[in-house]
Amino acid sequence: MRPVAQDALLAALEDGWADPARLHREGRQARLLLDQSRERVAAAFGCRPDEVSFASSGTQAVHLAVLGAVAARRSATRGPGHVVVSAVEHSSVLNAAAFAEDAGTTVTITGVDAHGRADVEAFGEAVRRDRTVLACLQSANHEVGTVQPVPEIAEACRAARVPLFVDAAASAGRMPVPEGWSLLAASGHKWGGPPGVGIMAVRKTVRWKAPLPADNREGKRVPGFPNLPAILAAVIALEAADADQDAADRKLRRLTGVIRERLPELVADCVVHGDPVNALAHIVTFSCLYIDGEALVIELDKAGFSVSSGSACASDTEQPSHVLAAMGALTHGNVRVSLPADTAEDSVIAFLDVLPDIVSRLRGSVGSARARSGG
Amino acid sequence: MSPRDAKPAWATQGPALSIDALGKKCPMPIIMLAERIGEVPIGDVVEVLADDPATRTDVPAWCGLKSHEFLGAADIAEATGWAFRVRRSY
């Protein structure tokens, strides 16, 4: 969490815990803070305050956006409709689509190129199918960083009169929100806010029907007493991220660029994934042949570096990352580095210093010397 | 033989080498393939039997990285898993 957000959270816990729905003084003050938060988020995303709702997480915002759009277009005579999603969406989007599919909606999952960029032609073709009620495309990929062609696909959706849901969780606060969305979701902790804050935005012109039981909160879109202290802290974090956007982008892009460039020189049989140019500045993902991703994460953790992995062995489900699989990318020995805003150049140098030895040790222990000569 | 029955040669002929990696977790099936592909003559086919879900992506990905020809994957009749066929290119 950004320090400024942490301070705001602690201060808000003192001031802002009252129920904004109540008429007593504390309630009215909380209401005011909630309304102001909504206005500030709307300004950051380029929409109206009455289009913005706060959810309890980015995942919940995604679920509500997708299922609400589908529910609004469900027709007794014409059926539950058809939804298009890219193969590399965050699991929350794919899970929401699968949930709708269980209730009868048909779902088309469209492919990506080797960088994980959505295939614009295939997506457009799927969107033009009869009874398409929603298209889903992320602003950028959360695992490999590739920025998606939202403007082109938004144009195809506009022409086909299909609403476009953009999961902007990976890019909000780091890059301008792409134009052309009909529904949007974002997640407060991704830009340095506290956990427990999701944002759902629905344009006034887009039909949306609450998929959960009726509740008067959040314009009847998100049930339950909103977490106002967390919302206040998330808004402060978002504004701090936006104010710093260009400088942070330049710095982080340079640091991940160093990793991208040096890795193939330092480690043999190693592939860096994703578009090297049209990408988020803070993420770099790579896979090393002949080693186990979970072991690599553990060794890097011992050396003081916190990374994730898209390898099957590193996941609860024993399945490799669906993003890497959709790209046809090597999934074993995978490491995903996500650099926080305050990353120092020294720590990137130190990371590149320890990685080659760790990879050698792990390769040596599997007895794969013959593998290197045979491949 | 009707067009529907026609299969490519690599799918009907036996491979020059069959590697049993069933029950092995990634990266082991790939390591086994990389270690042993040199045992067959250039142009011949190696088969890898594997059931780790990651192999579905990793076998073709390894072929792409190492410039060997990925021929395809077929379900194994007797077990849950796949038979991947790779042609040694050099």
Side-chain angles (χ1 to χ4, degrees), chain A residues 87-88 111-116 143 264 267-273 286-296 309-335 359 362-375, chain B residues 15-73 79-82 84-90:
Chain A
V88 297
V112 296
D113 67 13
H115 286 321
E143 290 195 27
V267 182
D269 286 328
C270 182
V271 188
V272 182
H273 303 300
F286 57 91
S287 298
C288 301
L289 272 170
Y290 314 131
I291 59 179
D292 172 327
E294 186 182 39
L296 190 44
S309 173
S311 298
C313 48
S315 93
D316 298 330
T317 58
E318 298 274 310
Q319 295 286 335
S321 149
H322 66 278
V323 172
L324 295 175
M327 292 163 55
L330 191 75
T331 68
H332 74 246
N334 179 258
V335 167
V359 172
L362 290 174
R363 282 179 176 159
S365 71
V366 191
S368 56
R370 283 179 62 204
R372 285 198 298 281
S373 62
Chain B
L17 169 66
S18 180
I19 299 171
D20 184 350
L22 290 168
K24 305 254 193 294
K25 296 219 166 292
C26 257
M28 196 47 72
I30 308 299
I31 290 172
M32 293 167 76
L33 170 60
E35 281 187 336
R36 302 193 63 192
I37 192 165
E39 292 173 20
V40 307
I42 294 174
D44 272 22
V45 176
V46 175
E47 172 183 80
V48 179
L49 305 176
D51 49 22
D52 183 320
T55 52
R56 301 225 61 182
T57 315
D58 284 3
V59 173
W62 179 87
C63 290
L65 290 170
K66 292 295 173 181
S67 303
H68 290 295
E69 190 184 349
F70 178 67
L71 296 170
T80 337
W82 308 277
F84 300 98
R85 299 255 176 128
V86 177
R87 187 191 309 284
R88 181 182 174 187
S89 295
Y90 58 91

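To find a chain, count down the sequence lines: A is the first, B the second, and so on, and within it residues start at 1. All values below come from the heavy atoms of this structure, side chains included, with hydrogens, waters and symmetry mates left out.
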- Report the relative orientation of the aromatic rings in B/Phe84 and B/Phe70; use parallel for angles under 30°, tilted for 30 to 60°, perpendicular for over 60°. tilted
- Query: Non-hydrogen atoms of chain B under 4.5 Å away: do they reach the side chain of A/Leu289, the backbone, both or neither?
  - Reply: side chain
- Side-chain (A/Ser315) to main-chain (A/Gln319) donor-acceptor, under 3.5 angstrom: yes
- Going through the distances and angles, do A/Val267 and A/Arg363 end up as a side chain to side chain contact (heavy atoms under 4.5 Å, CB included)? CA-CA 11 Å; A/Val267 182; A/Arg363 282 179 176 159; 4.2 Å; yes
- Between B/Val48 and B/Leu33, the two heavy atoms sitting closest are CG2-CD1, 3.9 Å
- Task: Could you look at B/Leu65 and say if it's the side chain, the backbone, both or neither that has a heavy atom under 4.5 Å from chain A?
- Result: side chain
- Side chain, backbone, both or neither: which part of A/Ala329 has a non-hydrogen atom closer than 4.5 Å to chain B? backbone
